[in-house]
Q: 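Take this structure, written in structure tokens, and hold onto it; I'll ask about it next.
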2 protein chains.
Amino acid sequence: MTLADVAAHAGVDRSVISRVMNDDPGLNIRPETRERVLASVKTLGYRPNAAARTLRTRLSRTFGLFIPDYANPVYAEIIKGAEAAAADRECVLVTGSGRVAGSAKPYLDLLADGRVDGLLLAGGVRASATLDALRASRMPWLLLNWSMTDATRHIILDDEGAATMAVEHLVSLGHTRIAHLAGPDGSDTASRRAGGYRAAMRLHGRAPDPALEVRADYTAEGGFQAMTELLGRTPRPTAVFVANVASAIGALRAAYRAGVRVPDELSIVAVHDLPLAEYLVPALTTVRMPLEELGRRGVERLASTDPDDAVAETVDGPMELVLRESTAPPGVL
Amino acid sequence: MTLADVAAHAGVDRSVISRVMNDDPGLNIRPETRERVLASVKTLGYRPNAAARTLRTRLSRTFGLFIPDYANPVYAEIIKGAEAAAADRECVLVTGSGRVAGSAKPYLDLLADGRVDGLLLAGGVRASATLDALRASRMPWLLLNWSMTDATRHIILDDEGAATMAVEHLVSLGHTRIAHLAGPDGSDTASRRAGGYRAAMRLHGRAPDPALEVRADYTAEGGFQAMTELLGRTPRPTAVFVANVASAIGALRAAYRAGVRVPDELSIVAVHDLPLAEYLVPALTTVRMPLEELGRRGVERLASTDPDDAVAETVDGPMELVLRESTAPPGVL
DNA sequence: TTGTATGCGTTATCAG
DNA sequence: CTGATAACGCATACAA
């Protein structure tokens with residue numbers, strides 16, 4: 001089913017069909033002819049071929065989103081926003097976490113060959129060579145929720161602000177020994193949250209204390225191990241700011257295993273709110289960040305910004321402290 | 001950067017470049033020429049244009065996977081397997097949950113226009129008209145983890161077997177009042193799991209009892225409400241087989257809220273194992289299903305089966321009861 | 001051993 | 001108002 005078939009059926013030239021379908025403004029067509037064309041398109045069930053169209057227009061009406069790991073529920077929200085923004089522009093958003101032989105490069109190369117009009121990278125790219133290759137291709141790209149020193153195109157969230165909110169909350173409850181269960185080494189969000197934590201602590205007269213910081217990757221298991229370690233230190237912190245909600249689940253478990261009651265003996269507040277947080281025992285106090293908005297801004301920027309221009313934006317969507325059961329004033333130890 | 005540029009640089013014809021790059025077996029080329037070609041390709045950083053290649057070969061080396069919701073962690077595992085299988089065939093797997101104006105059809109139409117070589121549908125398609133449109137296009141497709149009465153191309157898991165394992169476990173612990181927190185009405189997996197539950201109960205001399213069954217959608221909130229209702233019934237069940245791990249999180253919370261101790265007063269076993277399950281309090285006993293294998297088989301079938309042939313397969317990967325803390329013999333009430 | 005010619009399905013620029 | 005025609009970049013049968 002091609003243009004030629006429809007043209008034959010309607011008794012006009014292929015170009016007429018094309019222009020009718022694309023609402024060519026410079027087309028002066030008799031209403032009856034237009035009707036005939038539209039009818040033929042409908043009865044034959046014609047749909048333009050995407051490859052041919054892309055070849056001709058150099059536009060695929062498709063955006064790509066690369067994420068490191070589908071298991072991290074944080075990405076679900078980002079994808080949601082990105083898909084919505086793509087739909088608004090009548091485009092498709094496709095996402096992938098493809099990784100061949102441990103590297104994301106082959107996968108990204110495949111996408112870069114004109115398959116998508118732009119690529120959002122939400123982490124997971126380790127080698128800077130991968131980014132170089134991307135730069136070499138003429139495809140627009142954007143880093144989502146992280147940045148690289150030499151990459152000047154990224155959109156991030158206000159991670160420092162989130163950390164501040166969390167610490168302020170704990171301070172206002174009366175906590176002084178506030179620990180930080182940070183994200184993994186090398187993670188951009190992790191270091192911004194850690195920075196925010198330290199700044200907020202300093203503001204309250206607390207010098208950074210290595211004994212109050214542990215690192216973990218953004219998984220339940222990582223959180224479990226890090227929290228177990230933290231609980232072994234003396235004196236034990238009375239509150240913990242956890243950099244990620246997945247780690248927080250593991251942290252909650254670690255407290256339970258150590259016989260430390262939350263929030264009576266230990267307060268926990270985590271970054272990122274998720275539907276799940278409300279149903280944990282105890283329900284988790286979190287800082288809600290505008291993840292969906294991040295995804296949305298991502299494709300908007302991708303679609304509207306000159307690929308050569310720098311983009312360094314912090315999404316200013318609303319952040320909110322979601323008070324639940326995992327935080328309380330420090331108990332008498 | 002096109003074939004023509006590379007040809008000019010290497011001093012040969014475009015067709016030579018093309019055949020060298022595609023390892024044309026019927027090509028007899030002087031080693032030095034081949035070297036020259038390869039060198040040019042490399043120095044110019046040439047990458048074949050995907051659209052042109054797709055147009056010419058009618059093959060995009062891309063598969064699509066449609067899922068209803070990224071927030072359901074079950075899909076993360078399916079995607080993982082599907083991406084791996086795609087990578088094995090040097091293809092890209094792209095996934096989407098796109099939904100415009102409440103319908104998946106526009107999104108699927110967009111994909112169907114030659115953008116992908118085949119489409120995996122992991123639920124989320126409500127209208128059968130959508131499926132009709134898919135059938136009309138000449139694109140291979142496959143239902144993953146569900147089936148429609150008039151669709152004869154699907155791969156599913158052994159949901160009845162999983163239900164049997166769960167119920168047998170509870171029976172072996174000594175439970176008799178075993179309830180089922182089922183999945184939503186209209187869900188294919190839900191009805192198979194419910195069927196397996198009833199069959200297993202019958203096998204142990206228990207007639208199906210509506211008072212022991214509740215429905216919930218596959219979310220923590222649904223599980224919370226359904227479990228709350230179940231706990232209000234008298235006599236209260238001593239064990240519950242929950243159809244989904246997300247619901248189980250809500251169910252756990254509901255028991256906590258009702259002051260019912262798990263597993264002392266109530267045993268809970270859920271379908272689908274996830275990394276998270278181990279870190280809940282109490283850690284959740286689950287039936288692990290071969291989700292990753294399901295995704296893998298999906299693209300394998302898609303790539304290797306004639307699109308006109310029927311496919312009705314049940315993945316026979318290993319299922320396993322993962323014993324944790326949420327099940328125990330019934331306590332003395 | 002390498003080059004030529006043609007077509008994949010569109011869109012856009014012309015004529016008519 | 002509509003039709004012819006030329007690309008877009010690639011792959012392949014065939015000619016040389």
Side-chain angles (χ1 to χ4, degrees), chain A residues 1-38 40-41 44-62 109-110 112-117 137-139, chain B residues 1-38 40-41 44-62 109-110 112-117 137-139:
Chain A
M1 190 54 32
T2 77
L3 259 194
D5 300 323
V6 186
H9 186 270
V12 295
D13 189 78
R14 295 175 308 173
S15 57
V16 177
I17 315 281
S18 174
R19 282 182 287 177
V20 166
M21 293 202 71
N22 295 327
D23 293 317
D24 182 345
L27 171 65
N28 242 344
I29 195 174
R30 230 178 318 179
E32 57 197 81
T33 313
R34 155 167 276 141
E35 284 314 312
R36 198 150 36 92
V37 166
L38 259 21
S40 294
V41 167
L44 296 184
Y46 167 73
R47 312 230 68 223
N49 178 284
R53 179 177 275 202
T54 299
L55 181 59
R56 184 62 232 239
T57 62
R58 306 178 122 344
L59 244 46
S60 64
R61 306 204 69 76
T62 305
D109 281 348
L110 228 41
D113 300 332
R115 242 172 269 253
V116 295
D117 295 336
S137 77
R138 282 296 296 173
M139 190 187 45
Chain B
M1 191 53 31
T2 77
L3 259 193
D5 299 323
V6 186
H9 186 270
V12 295
D13 189 79
R14 295 180 310 176
S15 61
V16 177
I17 316 279
S18 174
R19 283 182 285 178
V20 165
M21 293 203 70
N22 296 327
D23 293 317
D24 182 345
L27 170 65
N28 242 344
I29 194 175
R30 229 176 317 176
E32 58 198 81
T33 312
R34 155 167 276 142
E35 285 314 314
R36 199 148 37 91
V37 167
L38 259 22
S40 294
V41 166
L44 295 183
Y46 168 71
R47 311 230 69 220
N49 177 284
R53 180 177 274 203
T54 298
L55 181 59
R56 182 63 228 249
T57 60
R58 307 177 126 331
L59 243 48
S60 65
R61 304 204 72 73
T62 304
D109 281 348
L110 228 40
D113 300 333
R115 243 174 268 255
V116 295
D117 295 337
S137 78
R138 284 294 297 171
M139 190 189 44

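Just so it is clear, the structure is predicted and the values come from calculations on it, not from any experiment. Residue numbering restarts at 1 for every chain, and letters A, B, ... go by the order of the sequence lines.
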Q: Can you name the nearest heavy-atom pair linking Ala10(B) to Ile17(B), along with the distance?
A: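 Shortest heavy-atom separation between Ala10(B) and Ile17(B) comes out as CB-CD1, 4.4 Å.
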Q: Nearest heavy-atom pair of Thr54(A) and Gly114(A): which atoms, and what distance?
A: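 Result for this residue pair: CG2-O, 3.9 Å.
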Q: Find the distance between CG (Leu110(A)) and OG1 (Thr62(B)) and round it off to the nearest 0.5 Å.
A: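 Reported to 0.5 Å precision, the distance equals 6.5 Å.
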Q: Strictly below 4.0 Å: does Thr33(A) bring a side-chain N or O up to OP1 or OP2 of dT2(D)?
A: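 So the side-chain polar atoms of Thr33(A) do come within 4.0 Å of the phosphate oxygens OP1 or OP2 of dT2(D), strictly under.
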Q: Under 4.0 Å from a heavy atom of chain B: give me the 5'-most and 3'-most nucleotides of DNA chain C that qualify.
A: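 The contacted stretch runs from dT1(C) to dG9(C).
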Q: Toward the 5' end of DNA chain C, which comes first, Leu27(B) or Arg47(A), by nearest nucleotide?
A: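 Its nearest nucleotide lies further toward 5', so the answer is Leu27(B).
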Q: Atom CG of Asn22(B) to atom P of dA13(D): distance rounded to whole Å?
A: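 Going from CG in Asn22(B) over to P in dA13(D) covers 12 Å.
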Q: In residues 9-18 of chain B, which residues come under 4.0 Å of DNA chain D by heavy atom?
A: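 Of all residues in residues 9-18 of chain B, the ones placing a heavy atom under 4.0 Å from DNA chain D are Arg14(B), Ser15(B), Ser18(B).
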Q: Between P on dT12(D) and CG on Leu55(B), what's the gap in Å once rounded to a whole number?
A: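 Those two atoms, CG and P, are 13 Å apart.
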Q: If you measure from CZ on Arg34(B) to CD1 on Ile29(B), what distance do you get to the nearest 0.5 Å?
A: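 The CZ atom of Arg34(B) sits 6.0 Å away from the CD1 atom of Ile29(B).
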Q: Is any side-chain N or O of Arg53(B) under 3.5 Å from a base N or O of dA11(D), one able to act as donor and the other as acceptor?
A: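 Answer no: no donor N or O sits under 3.5 Å from an acceptor.
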Q: Figure out the CZ/C1' separation between Arg30(A) and dT2(D), and round it to whole Å.
A: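 Checked: the CZ to C1' distance equals 9 Å.
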Q: Rounding to an integer number of Å, can you tell me how far Leu3(B) CG sits from dA11(D) C1'?
A: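 After rounding, the gap between these two atoms is 9 Å.
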Q: Would you mind reading off the distance between Met21(B) atom CE and dC10(D) atom P, rounded to a whole angstrom?
A: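 Atom CE in Met21(B) sits about 9 Å away from atom P in dC10(D).
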Q: Can you check whether Ser15(A) reaches Arg19(A) side chain to side chain, under 4.5 Å on heavy atoms?
A: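 With C-beta onward as the side chain, the pair touches.
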Q: Measure the shortest side-chain to side-chain distance between Asn22(A) and Arg53(A) over non-hydrogen atoms and say whether it is less than 4.5 angstrom.
A: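 Side-chain contact under 4.5 Å: yes.
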Q: Of the listed nucleotides (dA11(D), dA13(D), dC1(D)), which one gets closest to any side-chain atom of Arg19(B)?
A: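 Looking only at side-chain atoms, Arg19(B) lies closest to dA13(D).
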Q: Starting the side chain at C-beta, find the nucleotide from dC1(D), dG9(D), dC10(D) nearest to Tyr46(B).
A: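 Closest nucleotide to the Tyr46(B) side chain: dC10(D).
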Q: To the nearest angstrom, how far is Asp5(B) atom CG from dG9(D) atom P?
A: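 Between P of dG9(D) and CG of Asp5(B): 9 Å.
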Q: Keeping the roles fixed (side chain from Arg115(A), backbone from Ala50(B)), state whether a donor-acceptor pair exists under 3.5 Å.
A: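 Checked: no pair found.
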Q: With rounding to the nearest 0.5 angstrom, report the OG1 to CG distance, Thr33(A) to Leu27(A).
A: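 Thr33(A) OG1 to Leu27(A) CG: 9.5 Å, rounded to 0.5 Å.
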Q: Output a table of donor-acceptor pairs, distance under 3.5 Å, between side-chain atoms of residues 1-9 of chain B and any protein atom two or more places apart or on a different chain; print 'none' if there are none.
A:
residue : atom : partner  : partner atom : Å
Thr2(B) : OG1  : Ala4(B)  : N            : 3.1
Asp5(B) : OD2  : Thr2(B)  : N            : 2.8
His9(B) : ND1  : Ser40(B) : OG           : 2.8

Q: What is the distance, to the nearest angstrom, from the CE atom on Met1(B) to the P atom on dC8(D)?
A: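 Nearest whole value for this atom pair: 14 Å.
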Q: Using a 4.0 Å heavy-atom cut-off across all strands, classify Asn28(B) as base, sugar-phosphate, or nothing.
A: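 Here Asn28(B) touches the bases of the nucleic acid.
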Q: How many Å lie between CG on Asp24(A) and P on dG3(D), as a whole number?
A: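 These atoms are roughly 15 Å apart.
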